[in-house]
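Note that ligands are numbered from 1 as they come in the structure, with each ligand's atoms numbered from 1 the same way.
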Amino acid sequence: MALIVQKYGGTSVGSVERIEAVADKAVAARAKGDDLVIVVSAMSGETNRLIALAKEITDAPSAREMDVLMSTGEQVTIALLSIALEKRGCSARSYTGAQVHILTDSAHNKARIRDIDAARVRADLEAGRVVVIAGFQGVDQHGNITTLGRGGSDTTAVAMAAALGAHECQIFTDVDGVYTTDPRVEPKARKLDRITFEEMLEMASLGSKVLQIRSVEFAGKYSVPLRVLSSFEEGEGTLITFEDEQMEEAKISGIAFTRDEAKLTILGVPDKPGVAHEILGPIAEANIEVDMIVQNIAEDATTDFTFTVQRNDFDKAKRILRAVADRLGAREILGDDSIGKISLVGVGMRSHAGIASQMFQALAKESINIRMISTSEIKISVVVDVKYLELGVRALHDAFGLAEQPGAKNG
Ligand code: ADP
Ligand code: ASP
Ligand code: MG
C-alpha cells in the first residue's frame, strides 16, 4: 500500500464531467489499496476570470485582497470533487490551505511555503478517507490568506507530498508528460520518459510552465519522486529523477521559451566603478526582476548597458531608468518590449563543445537575428524578436534532432 499525492490542474477539473472523471480515477486508485491525497486547481479559466473582475474595479487592487479573491477558485473544486467522491461511496474530506495549516510567509501573490502541519491529513487517511486539498493557497502567521503565484497548485502538491513522506507526487495535466518543448508550438516534440531535476528546474525557470518552478525546487530539496502525466489518457508520463547513468545520453534534452520579455538599454554611461549598481540598484528596489545583463566594452570612457525584464515591468523599469539616466548624464535610453527568449537545456552540454555555434547557425539559417546571448553550465539562452520565437523554437528542435530518440542524430 502506498501513499500517493495527486494534483489535477485547471483543464483536468474544467467541468463537472471532468471532476467526475477525476473521482473515477481516485476510486480506482483506492481500490488498489493506495492512500490518496488530491490537490486541485481552480476550474480552467476561473483564476483569470476572478482577476479580471477585480481589474474592472481598479488597475491596482491590493495584493492581500487579490489573494482572498483568487483563493476562492480552488475552494469550489475541492468541494465538487469531494461531493463526486462521496457519490461513489468513497469517503472524502475537502480542506482549504488554511485548514490544513499550509503556513506561508506574507508575500501576497507569491508566498512561499514555510511549514505544513500534516496531522489532520494523516488522521483522515488513517480513518480511510481521501483528502482533497485546495492548491495554490496558504495562510500566513497572522491568519491572512496567501497564494503561491500562478501555477502554484503544483507546489502545494509537492510540499504536501514532502510533508507526508508520500511515495510519489503525480501531477496530472492536459499533456501526457514533459516534452522536448511545448507540444503546442512544435507538434513534433517528443515526450521524455525521464528528465533530471536539474534540467526540469532550468526548463521551468526558463519558461516551460508545465511545472511551477518552486514545485521542482521543493521536489529536489526534499527528494520527492515527481511524475507528470495526463488526466485524459493512460500512460507512465515523465519521471523527474536525479541524474544517473541510465539517463538518456542526450546533449540537449529540451527547449524552453518565454514570450513576455522586454529589453532596456542605457547608452553612454560613464565607464567607472559603481555604475552597474547605480543603474540596477533602483530597479531592484522597485522589486523588478532583471534577467540578462550585458555591458559593452567602453570605447571613449563611456559604455552602454542593456538588461531584460518581464514585459509587465517594462514601463515601470523605463521610468526608473529615465531618472537614472539624468543622474548619470547618459546619452539615451532605448527600449524594446516585443522580444522573447529561447533556451536550450541539457546536462549533456557540459561535456560537449560547439552547441552554441550549432545553435547560432540554425537560427542564422532562418535569418533570425540574435539580440542577446547568455550561457550557463547546462543552458544557452538567446533573445530574439518575439515574432520569430516559434520559428526559432522549431528550427532548433529540428537542428538538434530532438524529435528522434537520443542515439540517433542527437547522440
Ligand atoms: P495545468 O492547468 O494542468 O497546471 P498548465 O497549463 O499549467 O496545466 O501546464 C501544462 C501545459 O504546459 C501544456 O498544455 C503545454 O502547453 C505547456 N508546456 C510548456 N512546455 C512544455 C513541455 N516542455 N512539455 C509539456 N508541456 C509543456
Ligand atoms: N489556479 C491557479 C492558477 O491558475 C493555480 C494553479 O492552477 O496551479 O494559476
Ligand atoms: Mg500549471
Side-chain angles (χ1 to χ4, degrees), residues 6-15 18 22 38-52 66-67 69-78 97 102 109-111 133-138 146-160 169-195 199-216 227-232 235 237-238 240 252-259 342-346 389-390 393 396-397 402-403:
Q6 296 186 336
K7 177 256 172 177
Y8 292 88
T11 319
S12 305
V13 292
S15 64
R18 289 302 310 156
V22 169
I38 304 181
V39 173
V40 284
S41 291
M43 294 168 82
S44 61
E46 180 62 10
T47 309
N48 288 342
R49 190 187 71 87
L50 293 167
I51 294 169
M66 284 310 290
D67 278 351
L69 177 66
M70 289 189 290
S71 66
T72 62
E74 272 73 9
Q75 192 167 339
V76 171
T77 32
I78 54 170
I102 299 181
N109 303 179
K110 49 174 186 250
I133 296 173
F136 176 56
Q137 56 178 261
T146 55
T147 64
L148 310 178
R150 298 307 303 269
S153 298
D154 297 333
T155 303
T156 305
V158 174
M160 214 62 225
C169 181
Q170 302 173 341
I171 306 289
F172 286 92
T173 181
D174 53 8
V175 279
D176 62 346
V178 178
Y179 278 70
T180 46
T181 194
D182 189 339
R184 288 181 211 285
V185 166
E186 172 52 284
K188 285 187 281 183
R190 178 172 52 87
K191 183 179 85 74
L192 301 166
D193 293 333
R194 304 164 134 232
I195 184 169
E199 287 169 323
M200 195 62 239
L201 205 57
E202 287 284 358
M203 291 281 280
S205 73
L206 295 166
S208 299
K209 67 163 190 170
V210 60
L211 285 175
Q212 196 198 34
I213 175 165
R214 282 189 194 155
S215 72
V216 187
R227 194 182 286 277
V228 175
L229 2 81
S230 165
S231 67
F232 293 79
T238 300
I240 325 291
I252 307 299
S253 50
I255 302 174
F257 56 88
T258 53
R259 291 188 175 85
I342 309 177
S343 308
L344 287 183
V345 176
L389 188 86
E390 298 200 357
V393 169
L396 292 171
H397 200 268
L402 294 183

Spatial distance of atom CG (L50) from atom OG (S71) [nearest 0.5 Å]: 9.0 Å
Looking at S208, which atoms of ligand 1 are within less than 4.0 Å of one of its heavy atoms? 20 (N)
Atoms of ligand 1 close to Y179 [distance to a heavy atom under 4.0 angstrom, numbered from 1]: 22 (C), 23 (N), 24 (N), 25 (C)
Looking only at atom types and distance, does a side-chain atom of R18 sit under 3.5 Å from a main-chain N or O of S231, one as donor and one as acceptor? yes
Tell me whether ligand 1 is touched by K191 - counting only heavy atoms on the residue side and a distance under 4.0 Å. no
Please tell me if the side chains of Q137 and I102 come closer than 4.5 Å, counting only heavy atoms from C-beta onward. no
Looking at ligand 1, does any of its N/O atoms fall within less than 3.5 Å of an N/O of D182? yes
Just to confirm my output: which protein heavy-atom neighbour is closest to atom 1 (P) of ligand 1, and how far is it? T173 OG1, 3.6 Å
N/O donor-acceptor pair under 3.5 Å between Q212 side chain and L148 backbone: yes
In terms of atom number and element, which parts of ligand 1 are under 4.0 angstrom from non-hydrogen atoms of G10? 2 (O)
What do you reckon, does D154 have a nitrogen or oxygen under 3.5 Å from a nitrogen or oxygen of ligand 1? no
May I ask you to decide whether R184 forms a salt bridge with E390, counting only side-chain N to carboxylate O separations under 4.0 Å? no
Within 4.0 Å of some non-hydrogen atom of D174, the atoms of ligand 1 are 10 (C), 11 (C), 13 (C), 14 (O)
V175 and K191, any side-chain heavy atoms less than 4.5 Å apart: no
Please check if the side chain of T180 supplies one atom and the backbone of R190 the other of a donor-acceptor pair under 3.5 Å. yes
Is it the case that the side chain of T11 and the backbone of G14 share a donor-acceptor pair, with hydrogens and angles ignored and the cut-off at 3.5 Å? no
Under 3.5 Å, is there a donor-acceptor pair between the T147 and D67 side chains? yes
T77 side chain to S41 main-chain N or O, any donor-acceptor pair under 3.5 Å? yes
Please walk me through it: do E186 and T181 pass side-chain hydrogen bond (donor to acceptor under 3.5 Å, both in side chains)? CA-CA 7 Å; E186 172 52 284; T181 194; over 6 Å; no
Looking at V210, is its backbone amide N or carbonyl O close enough to the side chain of S208 to form a donor-acceptor pair, meaning the two atoms are under 3.5 Å apart? no
Compute the shortest N/O to N/O distance between K7 and ligand 2 and return yes if it is under 3.5 Å, no if not. no
Would you say the side-chain atoms of T238 pair up with the backbone N or O of L192, donor to acceptor, closer than 3.5 Å? yes
Check this for me - ligand 1, M203, N or O atoms closer than 3.5 angstrom, yes or no? no
Among the heavy atoms of S153, does any lie under 4.0 Å from an atom of ligand 1? no
Options I255, V210, T238, T47, ranked by nearest heavy atom to atom 26 (N) of ligand 1, top entry: V210
Taking the non-hydrogen atoms of G10, is any one of them nearer than 4.0 angstrom to ligand 2? no
Name the closest protein heavy atom to atom 7 (O) of ligand 2, giving the residue it belongs to and the distance to 0.1 Å. S41 OG, 2.9 Å
Does T180 reach ligand 1 with a nitrogen or oxygen that is under 3.5 Å from one of the ligand's nitrogen or oxygen atoms? no
Report the nearest protein non-hydrogen atom to atom 4 (O) of ligand 1: residue, atom name, distance rounded to 0.1 Å. K7 NZ, 3.0 Å
Out of all atoms in ligand 1, which are within 4.0 Å of some heavy atom of V178? Include the element for each. 24 (N)
Looking only at protein heavy atoms, what sits closest to atom 25 (C) of ligand 1 is G177 O, 3.4 Å
Is there at least one pair of N or O atoms, one from S12 and one from ligand 1, spaced under 3.5 Å apart? no
Residue part near ligand 1, for K209, under 4.0 Å between non-hydrogen atoms: both
Looking at D154 and K209, is there a salt bridge between them, counting it only when a charged N and a carboxylate O are closer than 4.0 Å? no
Using a strict 4.0 Å cut-off to heavy atoms of E74, name the atoms of ligand 2 that fall inside it. 1 (N), 2 (C), 5 (C)
Nearest protein heavy atom with distance in Å, relative to atom 9 (O) of ligand 2: R150 NE, 2.7 Å
Is G151 near ligand 2, meaning one of its heavy atoms is under 4.0 Å from it? yes
With a heavy-atom distance limit of 4.0 Å, tell me whether T181 approaches ligand 1 through its side chain, its backbone, both, or neither. backbone
Filtering R184, R190, R150 for the heavy atom nearest atom 14 (O) of ligand 1 leaves R184
Is there a donor-acceptor pair under 3.5 Å between the side chain of T155 and the backbone N or O of S215? yes
